[in-house]
Amino acid sequence: MKIAIVCYPTFGGSGVVATELGIALANRGHEIHFVTYKQPVRLELLSNKIHFHEVHVPEYALFHYQPYELALSSKLVDTIKLYGIELLHVHYAIPHAYAGYMAKQILEEEGIYIPMITTLHGTDITLVGKHPFYKPAVNFSINKSDVVTSVSADLRQKTLDFFDVKKEIEVIPNFIDSSKYSLEFTDCQRTLMAKEDEKIITHISNFRQVKHIPDVIHVFNGIQKVMPAKLIMVGEGPEKENAELLCEQLGITNKVVFLGNSNEIDRILCFSDLFLLPSKSESFGLAALEAMINRVPVISSNTGGIPEVNIHGLTGFLSDVGDVADMTKNALIILENEEVLAQFKENAYKTALKFDIKNILPLYEAVYEKAYNTTYNNSI
Ligand code: GMT
């Protein structure tokens, strides 16, 4: 099938999922066309099966806000016509579902019928989407999508609670590709990051408020008071500066490494002993799943879809949002005993395998087929 994928091309989870999905679909023989404003960060190789079409938004002084949705809709119309695209999959409702629907309408005027799948990822519903300034448009574009999927059961329920949705929402969880992870033992060059006796604790995010970055640092502070440890902070975002300041105030700057954005997530996770995800809200927690497939147990909050991924007492522990003391206690339960740590690592890996792309890709393909058949039968 010829599929156009719209996503954010940045390090955010929805962009990562969209990109990895596109690559996996191309490996299955589909022809994939990414349509966005920059080449997606995880998309390294373009080929005859993977194309990238850049959306340009010409600057015009009259506009206080440049109209990205308009440029995206136009680019979609052109791309769909030029390459004979058969299906449109938009990731993150805002503004992609809205722009996608406009493109669909324009094409219908010309007798071209394109099914649109919208995948809801999280903040497009839980934070931004339900804001009164956006809600009517988001509600409308969800209902106008041919198929709506959400990345967790929790997000599905929240969408039904916050919006007046007249469509089925299919839950298709996020995934990892387990074939990328070798079973052979390797120390993953951990000595580059820490001394032999130090435990390595990792956090990866886009450092927004919703990630509760101060909780990451306070939990680590509690851990390092009991045992030698290093904290690796991966990512960039608005809370990073405050995080560096907090480390200074706590006198732990020499034990915390801020790495910035990285395309080497797996190499970093490979030498990590524990992953921290104390978010205030998290529809799925792809970062936790990526940690788990690298055999890293997870200490997280019990919010949103996280409990569908991180299983309490098996792959890590869950605490109430903001309960730093409980998270610290749980972290120490795992870290203080090598046998317990080894067991949690193994459990994390085995649980992550359930989210292997091999199990998830057929769910997307089934949804595509259903949407395709419905649209084309209706258009005859
Ligand atoms: O909020 C982020 O971390 C980025 C955001 C995105 O859409 O780029 O992530 C959301 O989608 C990810 C992929 O489906 C999920 O794993 C994250 O849990 C979700 N983030 C939130 O709900 C806060």
Side-chain angles (χ1 to χ4, degrees), residues 5-22 24 34 36-38 40-43 89-97 117-131 134 138 148-159 161-162 169-177 203-213 215-216 233-240 261-262 265 269 275-293 298 300-310 318 321 352 355 357 360 363-364:
I5 294 182
V6 177
C7 64
Y8 284 105
T10 56
F11 282 93
S14 63
V16 168
V17 169
T19 308
E20 300 281 2
L21 177 63
F34 288 97
T36 179
Y37 58 84
K38 210 176 73 192
V41 287
R42 287 222 186 158
L43 187 63
H89 188 171
V90 302
H91 290 260
Y92 207 89
I94 306 169
H96 299 152
I117 319 298
T118 298
T119 292
L120 308 173
H121 279 273
T123 46
D124 48 350
I125 296 299
T126 55
L127 273 180
V128 197
K130 70 173 189 182
H131 191 286
Y134 295 118
V138 174
V148 182
T149 75
S150 76
V151 297
S152 66
D154 181 81
L155 183 61
R156 175 183 182 276
Q157 192 50 52
K158 288 208 166 88
T159 310
D161 293 345
F162 298 153
I169 301 178
E170 304 210 20
V171 177
I172 304 186
N174 289 333
F175 54 84
I176 36 79
D177 179 356
H203 171 78
I204 304 172
S205 77
N206 45 22
F207 286 65
R208 284 176 302 154
Q209 251 182 11
V210 71
K211 301 293 174 183
H212 271 203
I213 300 295
D215 290 2
V216 173
M233 301 286 275
V234 185
E236 293 289 346
E239 293 297 304
K240 191 177 162 195
N261 282 330
S262 172
I265 295 301
L269 288 168
F275 188 79
L276 301 180
L277 191 66
S279 308
K280 181 174 177 214
S281 128
E282 199 73 66
S283 70
F284 182 88
L286 180 65
L289 180 61
E290 292 189 323
M292 285 160 57
I293 195 67
V298 177
S300 70
S301 52
N302 54 13
T303 187
I306 300 180
E308 296 169 45
V309 186
N310 183 25
L318 299 142
V321 172
F355 297 89
I357 183 83
I360 309 300
L363 305 180
Y364 276 115

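Residues take their numbers from the sequence shown, with the count starting at 1. Note that these values count all heavy atoms, side chains included, but never hydrogens, waters or copies made by symmetry. Counting starts at 1 for both ligands and their atoms, following the listed order.
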(message) I'd like to know whether the aromatic ring centres of His96 and Tyr8 sit less than 6.0 Å apart in this structure.
(response) yes
(message) Please determine whether the number of non-hydrogen atoms from other residues, nucleotides or ligands lying under 6.0 Å from atom NZ of Lys240 exceeds 12.
(response) yes
(request) For ligand 1, list the protein residues that place a heavy atom within a distance below 4.0 Å of one of its atoms, sorted by chain and number. (result) Gly12, Gly13, Ser14, Val17, Tyr92, His121, Gly122, Thr123, Val151, Asn174, Asn206, Arg208, Lys211, Ser281, Glu282, Ser283, Phe284, Gly285, Leu286
Any donor-acceptor N/O pair, [X] side chain to [Y] backbone, under 3.5 Å:
{"X": "Thr303", "Y": "Lys280", "value": "yes"}
{"X": "Asp215", "Y": "Ile213", "value": "no"}
{"X": "Arg156", "Y": "Ile169", "value": "yes"}

(request) Assess whether side chain to side chain donor-acceptor pair (under 3.5 Å) is satisfied between Thr149 and Thr119, documenting all intermediate values. (result) CA-CA 5 Å; Thr149 75; Thr119 292; 2.7 Å; yes
